[in-house]
Amino acid sequence: MTGVDDFDDGWDVRAVLVDGRWVDRTPRRPEVVAPLRREAALLPWLAPLLPLAVATPHIVSEEPLTLRHALIVGERCPGRSASHGASVGAFLGELHAVDPVEAVRHGALDAQPSFSAAQAIRDRMQREVLPLVSRDLQRPGTDLLERMAARVADPRLIHGDLGPAHIRVDGDDVTGIIDWGDCCIGDPALDLSWVLFGSGPDFAHAVLTSYDVDGTLASRALDWHRLGPWHEVLYGLDLDQPEYVRSGLDGVETRLRIRAGTRPARPEVLG
């Protein structure tokens, strides 16, 4: 293979740019193999249903498993532009409207196994992360984990990891959405967590104008945002990297102190 460059240092997948136009992705750990195979099955069916470009992979090698898709040009989304927010909100509206039964038939992980896998991680957070949290935040941390253990009534097809690195932009345009390894039938509020609470107010307000977010959905999105750094702590513990544990705990404690209603988005949401 010629013209190969590393350009991604993801936790789950090693990605390389091939000949300036292809992206090859290989799993860093055995448990990532199954999600990558689901991507290869699901995304060719899903991509034509969505208003933004989707990295659509195919398997080019079994040993090691390697998925290849065309490069989606653009930079990571800074989360400040209203035009970007409007595009992402419209994209999420279409994604979450996809028939979950059809999505599972085409390879998506169904609601029960996806919830069970996520709950197993939250159980680890209860055992391994919560004891490291400051004493005054133990109760809010416990309450958060208890709220996240509740199943949603209407799970939908979700991206599952929609952060700035996975939204690619060029100027005022959103050029596409990448890295679908966490895609499953799950809580649509997870996809709204960064776009509402990790982005700037103009971006978040534009999402709210193009996606119908009620108070319940926004509250769950805020809880998903609060939960995000807990994953970084587990990652640091698993790899024996104290810097990730420390930075993750800083994020855990900062976000546990966020109160509902603090984002100036739309008065009727979280107000």
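Fair warning: this is a prediction, and the values are worked out from it, not measured in the lab. Along the sequence shown, the residues carry numbers beginning at 1.
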* Under 4.0 Å between a Lys/Arg side-chain N and an Asp/Glu carboxylate O for Glu102 and Arg105? -> yes

* Lys/Arg-Asp/Glu bridge criterion (N-O < 4.0 Å) met for Arg25, Asp179 -> yes

* To do: Would you check if the side chain of Asp173 reaches a backbone N or O of Thr175 as a donor-acceptor pair within less than 3.5 Å?
  => no

* **Inter- and intrachain pairs under ring pair (Phe, Tyr, Trp, His ring centres under 6.0 Å), touching residues 156-176, at least two apart** => His159-His166, His159-Trp180

* Between Val73 and Val23, is there a shared hydrophobic cluster once you connect ILVMFWY residues whose side-chain heavy atoms come closer than 4.5 Å? -> yes

* Asked: Does Asp238 pair with Arg124 as a salt bridge, N-O distance under 4.0 Å?
  -> yes

* With no hydrogens and no angle check, is any side-chain donor or acceptor of Thr209 less than 3.5 Å from a backbone partner on Val207? -> no

* Asked: Is a donor on one side and an acceptor on the other found under 3.5 Å between the side chain of Asp19 and the backbone of Arg21?
  -> no

* Main-chain N/O of Pro51 paired to Glu94 side chain as donor or acceptor, under 3.5 Å -> no

* Can you sort out the partners of Arg38 under side-chain contact (heavy atoms from CB on, under 4.5 Å), two or more places apart, ordered by chain and number? => Ala34, Pro35, Leu109

* To do: Using the six-membered ring of Phe115, assess whether NZ or CZ of Arg122 lies under 6.0 Å from its centre and within 45 degrees of the ring axis.
  => yes

* Pairs where residues 127-147 contributes a residue and the test ring pair (Phe, Tyr, Trp, His ring centres under 6.0 Å) is met, not counting sequence neighbours -> none

* To do: Kindly give the cluster partners of Leu145, where membership spreads through any ILVMFWY side chain lying under 4.5 Å from a current member.
  => Ile121, Met125, Val129, Leu130, Leu132, Val133, Leu137, Leu144, Met148, Ile158, Leu190, Trp224, Leu227, Trp230, Val233, Leu234, Leu237, Val245, Leu249, Val252, Leu256

* To do: Could you name each residue pair satisfying ring pair (Phe, Tyr, Trp, His ring centres under 6.0 Å) that touches residues 31-85, not counting sequence neighbours?
  => Trp45-His106

* Between the side chain of Ser193 and the main-chain N/O of Ala221, is any donor-acceptor distance below 3.5 Å? -> no

* Got more than 12 heavy atoms from elsewhere within 6.0 Å of CZ, Arg147? -> yes

* **Donor-acceptor under 3.5 Å (Arg168 side chain, Ala165 main chain)** => yes

* To do: Using ring pair (Phe, Tyr, Trp, His ring centres under 6.0 Å) as the criterion, list what pairs up with Phe203, not counting sequence neighbours.
  => Trp194

